[in-house]
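The structure appears right after this line, and notes come after that.
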Amino acid sequence: MRMREAARKLQVSARMLRHYEAAGLLRAARLDNGYRSLSEADVQRAAWVRDLIAAGFSTREVRALAAALDAGAGPPICTAALRNKLEQIDRLVDALTNRRRRVAERLVRQQQAVAASSTSDHGKEGPGDGNPEHSGAPVSAPGRPR
DNA sequence: CTTCTCACA
DNA sequence: TGTGAGGA
């Protein structure tokens, strides 16, 4: 099959399949006209790649894992890689949790400082303030430049 | 329809 | 990591 059908089967853009191949994660035969021809095995391989990347593996990691697998390594290699990634994610979650806590603490102190200055002689509290305190509320970041 | 490259978020 | 433009 050609790119369009394979992409449809995989629920991925044909663009991504070319991307994967350019990254050395996939290998597809070519027709006489230069078009790619993907076998069912190619599609399954692509699905495997897609899932690993969705799970947070980098192209390097997938490439290395695929190479090891092609070199005759068994499923234990995949198991080890998965366990490894799991621990990596755990460490990441830890780091982010710490970040979140630090930001939350900073916010509390800042608001305490604001409250203290407003109760002293400078009572210039403009109408435009309003500072609702949410502890665990997800705070969006609207300040992205365009 | 497919291919590729360049640029960008 | 993933996409859009633009040309062949």
Side-chain angles (χ1 to χ4, degrees), chain A residues 1-115 117-118 124-146:
Chain A
M1 73 193 74
R2 294 184 315 200
M3 290 296 268
R4 204 170 181 242
E5 189 179 356
R8 184 189 55 78
K9 278 192 178 186
L10 291 164
Q11 298 279 298
V12 173
S13 66
R15 196 71 167 63
M16 274 308 303
L17 292 180
R18 289 185 210 106
H19 198 59
Y20 289 163
E21 190 181 34
L25 276 34
L26 244 48
R27 196 63 51 189
R30 298 302 184 109
L31 269 26
D32 288 5
N33 54 12
Y35 290 8
R36 289 174 180 81
S37 177
L38 291 80
S39 66
E40 293 298 332
D42 291 334
V43 173
Q44 289 194 342
R45 193 63 143 199
W48 180 74
V49 169
R50 161 178 54 79
D51 291 346
L52 284 182
I53 290 198
F57 285 80
S58 68
T59 53
R60 287 183 90 124
E61 290 169 331
V62 175
R63 199 183 311 121
L65 196 54
L69 233 46
D70 286 341
I77 272 63
C78 278
T79 303
L82 257 21
R83 288 216 170 103
N84 210 300
K85 178 60 66 178
L86 213 51
E87 291 178 10
Q88 189 179 336
I89 290 174
D90 285 341
R91 290 195 296 272
L92 205 52
V93 168
D94 265 21
L96 285 175
T97 299
N98 284 336
R99 272 203 209 176
R100 207 213 85 93
R101 182 175 44 74
R102 285 160 193 261
V103 171
E105 286 170 359
R106 181 164 289 249
L107 177 61
V108 167
R109 293 179 189 196
Q110 199 169 63
Q111 287 184 328
Q112 284 174 346
V114 169
S117 76
S118 70
K124 302 164 64 177
E125 196 65 18
D129 193 346
N131 217 335
E133 165 66 18
H134 312 312
S135 62
V139 178
S140 64
R144 178 168 49 189
R146 188 160 314 156

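None of the values given here were measured: they were computed from a predicted structure. The chains referred to below are lettered A, B, ... by the order of the sequence lines, with proteins before strands, and numbering in each begins at 1.
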With a 4.0 Å cutoff (strictly under), does any side-chain N or O of [X] reach OP1 or OP2 of [N]?
X: A:R36; N: B:dT3; result: yes
X: A:S13; N: C:dG2; result: no
X: A:R30; N: B:dC4; result: yes
X: A:R18; N: C:dT1; result: no

Roughly how many Å is it from [atom1] in [X] to [atom2] in [N], rounded to a whole number?
X: A:Y35; N: C:dA8; atom1: OH; atom2: P; value: 16 Å
X: A:L25; N: C:dG2; atom1: CG; atom2: P; value: 10 Å
X: A:H19; N: B:dC4; atom1: NE2; atom2: P; value: 14 Å
X: A:N33; N: B:dC4; atom1: CG; atom2: P; value: 11 Å
X: A:M1; N: B:dT2; atom1: CE; atom2: C1'; value: 16 Å
X: A:R63; N: C:dT1; atom1: CZ; atom2: C1'; value: 13 Å
X: A:L17; N: C:dT3; atom1: CG; atom2: C1'; value: 14 Å
X: A:D51; N: C:dT1; atom1: CG; atom2: P; value: 15 Å

If you only use heavy atoms from C-beta on, which nucleotide in C:dG2, C:dT1, B:dT2 is closest to the side chain of A:Y20? C:dG2

Between C:dT3, C:dT1, B:dT2, which nucleotide gets closest to the side-chain atoms of A:R2?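 Nucleotide nearest to A:R2's side chain: B:dT2.
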
Tell me, yes or no, whether the heavy-atom count around A:E5 atom CD, taken from other residues, nucleotides or ligands under 6.0 Å, exceeds 12. yes

Look at atom CZ of A:R30 and say whether more than 12 heavy atoms of other residues, nucleotides or ligands are closer to it than 6.0 Å. yes

Heavy-atom side-chain proximity of A:L82 to A:L86 below 4.5 angstrom: no

How about A:R99 and A:R102: do any of their side-chain heavy atoms sit closer than 4.5 Å? no

Counting a pair only when it is Watson-Crick or G-U and both distances are under 3.5 Å, which runs of at least 3 such pairs involve DNA chain B?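 Counting only runs of 3 or more consecutive pairs, the stems involving DNA chain B are B:4-9 with C:1-6.
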
Looking only at non-hydrogen atoms, find the nearest pair between A:L38 and A:R2 and report the distance. CD1-C, 4.4 Å

Applying a 4.0 Å non-hydrogen cut-off, can you work out what A:I53 is touching in the nucleic acid: base, sugar-phosphate, or nothing?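 If one applies the 4.0 Å heavy-atom cut-off, A:I53 turns out to touch the sugar-phosphate alone, with no base involved.
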
Between the side chains of A:D94 and A:T97, is a donor N or O closer than 3.5 angstrom to an acceptor N or O?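 There is no such pair (donor and acceptor under 3.5 Å, judged by atom type) between the side chains of A:D94 and A:T97.
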
Carboxylate-amine/guanidinium proximity below 4.0 Å for A:E105 and A:R101: yes

